[in-house]
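Just so it is clear: chains get the letters A, B, ... in the order the sequence lines come, proteins before strands, and each one is counted from 1. Atom set for the values below is all heavy atoms of this structure, side chains included, hydrogens, waters and symmetry mates excluded.
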2 protein chains.
Amino acid sequence: MKTRERIIQASWELFNKHGERNITTNHIAAHLNISPGNLYYHFRNKEEIIRCIFNLYEQQLQEHFQPYIAEIVDAELFISYFDALFDTLWEYRFMYNNLADILSRDESLKTNFQLSQKQWAQQLCQNYIQLQQDGILNIHEEEIEPLVDTIIMVANFWISYKFTQSLSPIGSISKGSLYEGILRVLLLMQRYAAPGTEEIFEKTAEYYHSQEMSNKLSLETHGIME
Amino acid sequence: MKTRERIIQASWELFNKHGERNITTNHIAAHLNISPGNLYYHFRNKEEIIRCIFNLYEQQLQEHFQPYIAEIVDAELFISYFDALFDTLWEYRFMYNNLADILSRDESLKTNFQLSQKQWAQQLCQNYIQLQQDGILNIHEEEIEPLVDTIIMVANFWISYKFTQSLSPIGSISKGSLYEGILRVLLLMQRYAAPGTEEIFEKTAEYYHSQEMSNKLSLETHGIME
DNA sequence: GTCTATAGTTGGATAGAC
DNA sequence: GTCTATCCAACTATAGAC
């Protein structure tokens with residue numbers, strides 16, 4: 001692997017493990033057994049590394065939340081969407097650990113972030129309109145936007161929230177806590193469930209409850225490569 | 001006013017205005033026209049200043065969310081509670097701007113924060129049980145905790161969320177945006193409104209909509225003393 | 001491309017005079 | 001209590017040799 005690529009991978013891992021704030025360019029270089037000077041040969045500064053990781057994030061967000069083409073809406077479809085959300089939160093958890101802080105230090109990153117958030121919101125709105133038309137959600141047109149906005153807020157800050165409520169240091173959120181967040185998002189949707197769709201929501205909830213349980217005690221702080 | 005007191009007040013104002021992260025002990029001293037050495041005579045470090053402000057926060061939280069004693073539950077009662085929430089968010093917005101970050105730098109502050117959050121959650125649960133018994137909320141016993149937890153989460157991170165979604169720099173959230181957050185919390189409650197209580201929720205919402213509108217364009221970044 | 005060495009900056013914190 | 005002067009640590013970033 002090229003050095004530039006290795007720097008990105010190592011930064012990503014270290015950020016997730018210890019928190020972006022606690023990892024300096026020196027740490028990254030030391031971890032790779034290269035010199036700080038070498039790192040600065042490949043990147044102008046730490047922000048540029050973060051921006052590279054962010055580009056991958058942006059891509060993942062766009063790919064994962066396209067309109068669904070399934071003919072029948074069932075728990076399986078729900079789970080595929082929520083799993084996509086879970087993966088994004090887990091793989092980029094260092095960003096969610098410290099979103100406001102990271103964005104406040106890089107104007108251009110903030111602008112890009114807002115753009116991709118806006119697109120994500122639109123994609124979600126599309127998904128929810130589809131769900132309404134398919135008779136899954138009993139929701140008024142004008143209620144969709146606030147719901148999506150709330151869900152995005154919960155998704156974006158769940159990790160920070162769990163950190164403030166737990167003993168563990170930044171970077172050590174468990175997968176179990178993340179599944180709890182997924183369940184919370186599901187709960188927000190469920191308040192708009194159309195009659196007769198109980199089974200879909202219940203089966204989905206059941207699935208994530210079992211995921212939550214089997215990941216509760218694992219306090220693993222592995223990087224993204226596991 | 002004693003110097004110690006003036007340091008607290010000045011820090012508080014500056015934190016709210018520019019973000020806690022951007023204010024150093026030097027800034028605080030300069031703002032008061034005292035020397036850094038003098039500041040360090042009164043406080044061991046910046047964390048100690050923050051802890052003092054936090055103690056005031058804790059107190060306010062406890063006082064403001066006692067069980068209600070009103071005989072009839074109406075929009076006025078709702079508004080008095082939401083106003084208390086608004087005041088807390090507004091006056092201590094520098095904390096909410098950067099909660100995870102501040103807590104990650106001070107283990108003992110984090111412990112205290114968690115304790116007061118727990119108490120606040122219990123107080124809110126009590127309030128909601130009361131509302132259920134008074135026939136305002138149509139909610140199962142076991143649904144109260146997740147609802148309160150979601151509301152606390154939204155309350156704690158609304159300011160950070162609005163920052164990530166807006167152009168303005170940290171510390172410059174408008175009162176209008178905060179009222180929007182209050183409305184969002186109200187919306188979460190409203191999904192559990194008992195039949196016949198529509199008027200209470202609607203009148204409350206109407207009130208905060210008007211507040212939101214009249215504070216929307218004011219981008220004022222005044223301190224807490226205004 | 002990569003290294004060593006080092007300059008520059010900032011913010012936290014203290015010593016000692018007044 | 002307050003000031004001046006200064007130190008220290010951490011981190012960013014660059015220069016120049018190999």
Under 3.5 Å, is there a donor-acceptor pair linking the side chains of A:Gln119 and A:Gln62? yes
Going by distance alone, is a donor N or O of one side chain under 3.5 Å from an acceptor N or O of the other, for B:Ser160 and B:Tyr96? no
Write down the distance between CD1 (A:Ile7) and C1' (D:dA13), rounded to a whole number of angstrom. 14 Å
Looking only at side chains, do A:Asp83 and A:Tyr208 share a donor and an acceptor under 3.5 Å apart? yes
Closer than 4.0 Å, any side-chain N/O of A:Thr24 to the OP1 or OP2 of D:dC11? no
In whole angstrom, what separates B:Ile34's CD1 from D:dC3's P? 6 Å
Interatomic distance where CZ belongs to A:Phe43 and P belongs to D:dT14 [whole Å]: 15 Å
Spacing between A:Leu32 atom CG and C:dC3 atom P, to the nearest angstrom: 10 Å
Please tell me if B:Thr25 has a side-chain N or O lying less than 4.0 Å from either OP1 or OP2 of C:dA13. no
Mind checking if B:Asn33 touches a base, just sugar-phosphate, or nothing, with heavy atoms under 4.0 Å? sugar-phosphate
Spacing of B:Asn45 atom CG relative to C:dT14 atom P, expressed in whole Å: 8 Å
OP1 or OP2 of D:dC3 versus the side-chain N and O atoms of B:Asn38: is any pair under 4.0 Å? yes
Nearest to side-chain heavy atoms of B:Tyr41, which nucleotide of D:dT2, D:dT4, C:dG12: D:dT2
Integer-rounded Å distance: D:dG1 C1' and B:His42 NE2: 6 Å
Under the salt bridge (Lys or Arg N to Asp or Glu O under 4.0 Å) criterion, do A:Lys162 and A:Glu180 qualify, and how do the steps go? CA-CA 10 Å; A:Lys162 287 318 269 186; A:Glu180 197 192 337; 3.2 Å; yes
Taking 4.0 angstrom as the limit, do B:Arg105 and B:Glu20 come out as a salt bridge? yes
Nearest of D:dT12, C:dT2, D:dT2 to any side-chain atom of B:Thr3? D:dT2
Rounding to an integer number of Å, can you tell me how far A:Tyr40 OH sits from C:dC3 C1'? 16 Å
Rounding to a whole Å, what distance do you find between A:Arg105:CZ and D:dC11:C1'? 13 Å
B:Asn26 side chain: which of C:dT4, D:dT12, C:dG12 is closest? C:dG12
